[in-house]
Amino acid sequence: MGLLSKKDAKLITDPLADNNPITIQVLGICSALAITAELEASIVMSISVLFVLGVGNVVISLMRNIIPSKIRIIVQLIVVATLVIIVDLVLKAFAYELSKTLSVFVGLIITNCIIMGRFEAFALGNGPWRSFLDGIGNAAGYGVILIIVGFFRELLGSGTLLGIPVLGDPIEKTGLYSIGYENNGFMLLSPMALIVVGIIIWVQRTRNKALVEDH
Amino acid sequence: MEHLELFLKSIFIDNMVFATFLGMCSYLAVSKKVSTAVGLGAAVIFVLAITVPLNWLLDQYLLQPGALSWLGEEYAAYDLSFLSFIMFIATIATMVQLVEIVVEKFSPSLYNSLGIFLPLIAVNCAILGGSLFMQSREIATLGLATTYGIGSGIGWFLAILAIAAIREKIRYSNVPPALRGLGITFIITGLMAIGFMSFGGMLTGGDDEAAKETKSAQVDELNDTEKELANNTKVIE
């Protein structure tokens, strides 16, 4: 850890597990769940949030001494909106099909509570380098959950990963399908995303008793 | 009739929380007590009813490809739609501030019940989502946009009211310790969303027509599953 001091490294590793933005802080669920039916969409969404949160945190942190506190929310929204427009245009240019699948959810990164939450709680009070690390860490924590959910939903729902069949061919009856396995189409429907996240929370809290709530 | 159909559809079929997961953060954070849930829900209806029509006007006369033609021939080729995110969010943030000031001035009692929730709402995904869906579903008139805004708001209100009531009662049940609080709320919401899916055929009487009419990602997913099911049945035959 030559580059990062212990305290800085903690900024990145903490949000990955014990202070995860989705399962512990309950932020940013809005845009997370609807797009996790496919692993590819989840990965692209995680990268977009990583970019917006990393860069946004640095920008806000650089401006923290000149933003009047009364209008800070509007300033923050404009910064995020600009970054999200960049992401949206890049996606439209290089991955048009995918940007159609994500539809309005790219735009909804603007109101992703993780981003506003990190701006308010961290970037307004810390220097650019630490804010950058904090942004990357939290976006990665968000990405991990998205990718886990996307992995299980695509695997169990359509038997593919990133569009590649991994369990055999359901029509030709090869691989697992030859012994009577069926895809669970229910996993592709949106309610299952909630239930999968619920199960992730359950597993995490069983492993770490300190996180258990008393109602 | 058109209005009634859109109204019912935005409350039940395209419910903000259960079909598109919008506004989940505040939905989970503020649903511990029925009384606060009602306050936030009312504020969401209020703000959606104002911002959706307003953003419809912006979209129609400023942002769409060719929308500037009312300024003159030479402006007809402009396409400002890439600015829609920034315009929508700026409108929402300013409207929320404005509404807060006006309500505080003219109706202190309403302000006391809504007041603390209003600033929260500027960053509620349901509000921006309402405007973005209004744009992507190409809602045709100002009247319909207003209906859509109010309907979506009521749908969100219903959802948060229902989960708050359930969470008040679930205190008396024996939930596994690790699932208490957040975990069980997620799972209940999932089950409620499955329940709301049964409204799917309410207006059109058939899934095929419903699928043609809505363009949401939700329905696309449903379609894929249907195709897959159809494939599976073919194999069985």
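As a basis for the values below, the full set of heavy atoms in this structure was taken, side chains included, without hydrogen atoms, waters or symmetry mates. Here is the naming used below: chain letters follow the sequence lines, and residue numbers restart at 1 for every chain. All values reported here derive from a predicted model rather than from experimental measurement.
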Original post:
Side chains of B/Phe85 and A/Ile110: does their closest heavy-atom pair fall under 4.5 Å?
Top reply: yes

Original post:
Shortest non-hydrogen contact from A/Gly198 to B/Phe186?
Top reply: CA-CB, 3.9 Å

Subject >> CG on A/Leu108 to CG on B/Leu128, rounded to 0.5 Å >> reply: 5.5 Å

Subject >> A/Leu194 vs B/Ile187 side-chain heavy atoms within contact, under 4.5 Å >> reply: no

Original post:
Side chain, backbone, both or neither: which part of A/Ile78 has a non-hydrogen atom closer than 4.5 Å to chain B?
Top reply: both

Original post:
To the nearest 0.5 Å, how far apart are CG in A/Leu77 and CD1 in B/Ile92?
Top reply: 9.0 Å

**OP:** Provide the closest heavy-atom pair for A/Pro191 versus B/Gly190 in the form atom of the first, atom of the second, distance.
**Re:** CB-O, 3.4 Å

**OP:** Looking only at non-hydrogen atoms, find the nearest pair between A/Ala81 and B/Ile86 and report the distance.
**Re:** CB-CG1, 3.6 Å

Original post:
CD1/B/Ile89 to OG1/A/Thr82 distance, rounded to the nearest 0.5 angstrom?
Top reply: 11.5 Å

Original post:
Side chain, backbone, both or neither: which part of B/Leu28 has a heavy atom under 4.5 Å from chain A?
Top reply: side chain

Subject >> A/Gln204 CD to B/Leu182 CG distance, which is reported to the nearest 0.5 Å >> reply: 10.0 Å

